[in-house]
Undergrad: 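Sharing a structure with you now.
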Amino acid sequence: AISSWRLSRINPLMQYYPEWEHDKAGSVRPDRPTACGLGDTAKAECLTDRNSRERCCMWHLLAVFALALLCLTANIRPAYSQFSSQDLSDLESPLENESVLGRSRPEYDAIGLPLGAFRAYPTVSLNAAYDSNALRTDSKAQHDYIISMTPGVILRSEWVRHYLAARASATRYRYSRLSSENRTEWNAAVAGRLDILTGFNLTGAASYEATFENRESRDQIQVGAAKPTPYSTTRTRAALSYNPFRLGVQVGFEHQRDDYGNTVLASSGGERNNDDRDRNDYSVYTTAVYEFSPGYGVFVRPSYQKRVYDLDTGRAAGRDAEGYRIDGGLNFLVTRLITGEAYLGYIKYDVERPDFSDLSGVNFGARLLWYPSELITVHLNASRTPNATTIDGASVGDDHYVEAGADYEVLRNVILQGSLAYRDSRFPGITRRDNDFGALLGVRYLVNQYLRADLSVTRRTRSSNETNVGFVDHILFLGLRGQI
C-alpha cells in the first residue's frame with residue numbers, strides 16, 4: 001500500500017539559492033515514539049502514576065484541538081508548494097532519511113528537554129564571516145567582516161498519532177565597516193498533522209518572517225538602495241490527504257503575503273514607498289499518485305495560481321496575474337539507493353496588462369538523492385519557477401535552476417560538503433537575462449551532543465546583459481552551533 005510519507009515527498013523544489021546550505025537549522029529528530037504515543041521518557045512517566053497519565057492525555061488533547069483550529073482558520077498547504085518560500089521541513093513529521101547529513105547519530109544528536117508529551121530543542125549559533133563584496137556591486141567591491149548570533153528553539157510532539165511542532169528564532173547581523181547592513185531578523189512557525197483515519201490526514205502550517213531583501217535582489221538593485229529593504233512574509237497552508245492501498249490523493253490550498261517597507265535611496269537619502277510591491281499569492285492544487293510497483297509511483301499534479309497586488313497604481317499597475325501548471329512524473333524509492341522525484345509538464349502564466357508578456361512552456365523539476373555508499377550522498381535539484389518582479393518592462397522572472405552536490409562522511413563526526421548551482425533568469429517582454437553561478441566547499445565537525453562547527457568557502461557570480469547588476473563575491477564562513 002502507498003504510505004503517507006510517499007505522498008508527502010511529492011513537492012517541487014524550494015529555491016536553494018542563495019544559502020547553499022544542504023540541511024535546515026533545527027533538523028534534529030526526536031527519539032522514535034513508542035507504542036503509547038510518546039517518546040521513551042514520556043512513556044515511563046505515563047506508566048509511573050495516574051497523575052502523569054492524565055497530564056499527558058490533557059497535553060495530547062489540547063494540542064490536537066489547536067492543530068484542528070489552525071487548519072480550519074487558515075488557508076494553507078503542506079507537502080507541495082507553488083511558491084519559492086522558506087522551507088518548513090524542519091517542522092514537518094520526521095521522515096526516514098539515510099543521507100549523510102540527515103541520518104541519526106545518537107552520540108551527536110541533540111537530546112532535547114522533555115515537556116510532557118513534547119520535547120524542546122533549544123539552539124544558539126555564533127557565526128563569523130568574511131565577505132569580499134558585501135554590497136554585491138559590479139565594481140568597487142567593498143569587503144567586510146560579519147558577526148551574527150541566532151538563538152532559537154523547536155518544540156515537537158512525541159505521539160504516534162497526530163503531530164504538532166513550533167519553531168522560533170532571531171538573528172542579529174553586525175558588520176564591522178558597513179553599518180548600513182546591520183540588521184535583526186526573526187521568524188516563527190507552527191506545523192502539524194491530524195490523523196483522522198488510517199491513511200487519511202489533514203496537515204497544516206503557518207509562518208511569519210520579518211527579514212530584509214538580499215543585496216543581489218533584482219528589484220532592490222534597480223532603485224539604488226542605501227540599505228537592505230525590510231519586508232515581511234506570512235505563509236499559511238493546508239492539505240487533505242487520502243491514501244487507500246496503492247492510490248494516493250491530496251488536495252491543498254496555500255497563501256503567501258509579502259509586505260515591503262520603504263527603501264532608503266542611496267542617491268538622495270530619501271525613501272521610496274513600496275506599497276505598490278505588496279501582494280498576495282494564492283494556489284490551489286491536487287495530486288494523484290499510483291504506486292504501480294513497490295518503490296515506484298507515478299503522479300499527476302494540476303494546480304492553479306493567482307497573484308494580486310494591493311494597489312493598481314505605480315509599479316503594481318496591471319501586474320496582477322493568474323495561471324496554471326499540469327505536471328506528471330515519477331516518485332521512487334529504489335532499495336534505498338536512489339530516492340526522490342522527477343516531473344515534466346506545462347506551465348502558463350497570464351499577466352493582466354497587455355503590454356506585459358505572458359509566460360508559457362515546458363515545466364520541469366527534480367529532487368533526487370543517490371546513495372552510492374553509506375559514506376556518500378549525491379543530490380540533484382532542478383526546477384522552473386516564475387517569480388514576481390517589478391523591474392521595468394517585466395512582471396515575472398522566469399528562473400531555471402539546477403544544483404548538484406555531494407556530502408562525504410570522512411569520519412563519523414567529520415563531513416565534507418560540496419555543491420555547484422546555476423540559475424538562468426529570463427524576463428519575458430524585455431531582453432534582460434541574468435546568469436548566477438555558485439560553488440561551495442565546506443566541512444562540518446560534530447564535537448559532541450552539545451556542539452558542532454562548520455567551515456565553508458563560497459564563490460558566487462552573476463553575469464547579465466544589463467549594466468550594473470553583475471557581481472563576483474567570495475564568502476569565508478565559520479560557525480559554532482550549541483544545542484541541548
Side-chain angles (χ1 to χ4, degrees), residues 17-19 84 86 127-150 170-187 209-233 257-279 309-311 313-317 319 387-395 397 425 427 430 432 434 436 438 458 460-477:
Y17 191 88
E19 282 75 15
S84 177
Q86 181 187 17
N127 304 320
Y130 168 78
D131 193 332
S132 67
N133 189 358
L135 300 183
R136 307 296 188 269
T137 56
D138 64 341
S139 61
K140 299 181 180 179
Q142 299 186 57
H143 70 272
D144 210 339
Y145 302 90
I146 308 105
I147 297 291
S148 65
M149 177 176 286
T150 305
T171 303
R172 174 62 179 173
Y173 296 92
R174 185 77 179 181
Y175 286 68
S176 63
R177 299 175 62 246
L178 301 170
S179 59
S180 62
E181 309 306 297
N182 295 340
R183 60 192 185 273
T184 301
E185 303 174 341
W186 67 275
N187 68 82
E209 181 181 15
T211 183
F212 294 79
E213 284 192 280
N214 293 320
R215 272 298 186 173
E216 62 265 23
S217 164
R218 49 203 177 205
D219 295 277
Q220 183 170 246
I221 291 175
Q222 177 175 259
V223 299
K227 58 175 61 177
T229 301
Y231 76 98
S232 64
T233 298
R257 166 71 180 175
D258 293 299
D259 198 330
Y260 291 84
N262 294 344
T263 299
V264 178
L265 303 177
S267 57
S268 63
E271 293 189 351
R272 173 71 179 267
N273 187 289
N274 285 318
D275 288 346
D276 54 0
R277 294 182 63 190
D278 299 343
R279 62 182 181 269
Y309 283 81
D310 289 3
L311 304 177
T313 58
R315 289 171 292 181
R319 291 183 184 269
N387 289 313
T389 184
T390 55
I391 64 175
D392 294 337
S395 182
S425 299
F427 303 88
I430 60 177
R432 175 174 170 176
D434 297 346
D436 293 75
T458 304
R460 297 168 56 191
T461 66
R462 172 180 294 169
S463 59
S464 176
N465 56 5
E466 187 84 4
T467 59
N468 301 321
V469 298
F471 65 85
V472 177
D473 183 39
H474 298 85
I475 298 176
L476 179 63
F477 172 88

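Computed from a predicted model, the values in this text were never measured in an experiment.
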Undergrad: Mind checking whether Glu185 and Glu209 have side chains closer than 4.5 Å, heavy atoms only?
TA: no

Undergrad: Do the side chains of Asp131 and Arg136 get nearer than 4.5 Å, heavy atoms only?
TA: yes

Undergrad: Which heavy atom of Thr389 sits nearest a heavy atom of Arg319, and at what distance?
TA: O-NH1, 3.1 Å

Undergrad: For Asp258, what residues pass the side-chain hydrogen bond (donor to acceptor under 3.5 Å, both in side chains) criterion, not counting sequence neighbours?
TA: Thr233, Gln256

Undergrad: Tell me whether Arg277 forms a cation-pi arrangement with Tyr260, defined as NZ or CZ under 6.0 Å from the six-membered ring centre and within 45 degrees of its axis.
TA: yes

Undergrad: Which residues pass the side chain to side chain contact (heavy atoms under 4.5 Å, CB included) test with Ile430, sequence neighbours left out?
TA: Ile391, Ala394, Phe427, Arg432

Undergrad: Would a distance-only check, ignoring hydrogens and angles, find a side-chain to backbone donor-acceptor pair under 3.5 Å from Ser132 to His474?
TA: yes

Undergrad: Between Asn273 (side chain) and Asp275 (backbone), is there a donor-acceptor pair under 3.5 Å?
TA: yes

Undergrad: Can any side-chain N or O of Asn182 pair as donor or acceptor with the backbone N or O of Tyr175 at less than 3.5 Å?
TA: yes

Undergrad: If only side-chain N and O atoms count, and only distance matters, is there a donor-acceptor pair under 3.5 Å linking Ser425 with Asp436?
TA: no

Undergrad: For Arg215, is there an ion pair with Glu181 - N to carboxylate O distance below 4.0 angstrom?
TA: yes

Undergrad: Return yes if a side-chain donor-acceptor contact under 3.5 Å exists between Ser464 and Asp434, otherwise no.
TA: yes

Undergrad: Distance-only, no hydrogens or angles: does the Arg177 side chain make a donor-acceptor pair with backbone N or O of His143 under 3.5 Å?
TA: yes

Undergrad: Counting only heavy atoms not in Arg172, do more than 12 fall under 6.0 Å of its CZ?
TA: yes

Undergrad: Classify the side-chain pair Asn274/Thr229 by whether it contains a donor and acceptor separated by less than 3.5 Å.
TA: no

Undergrad: How close do Pro230 and Asn262 get, heavy atom to heavy atom, and via which atoms?
TA: CD-O, 3.7 Å

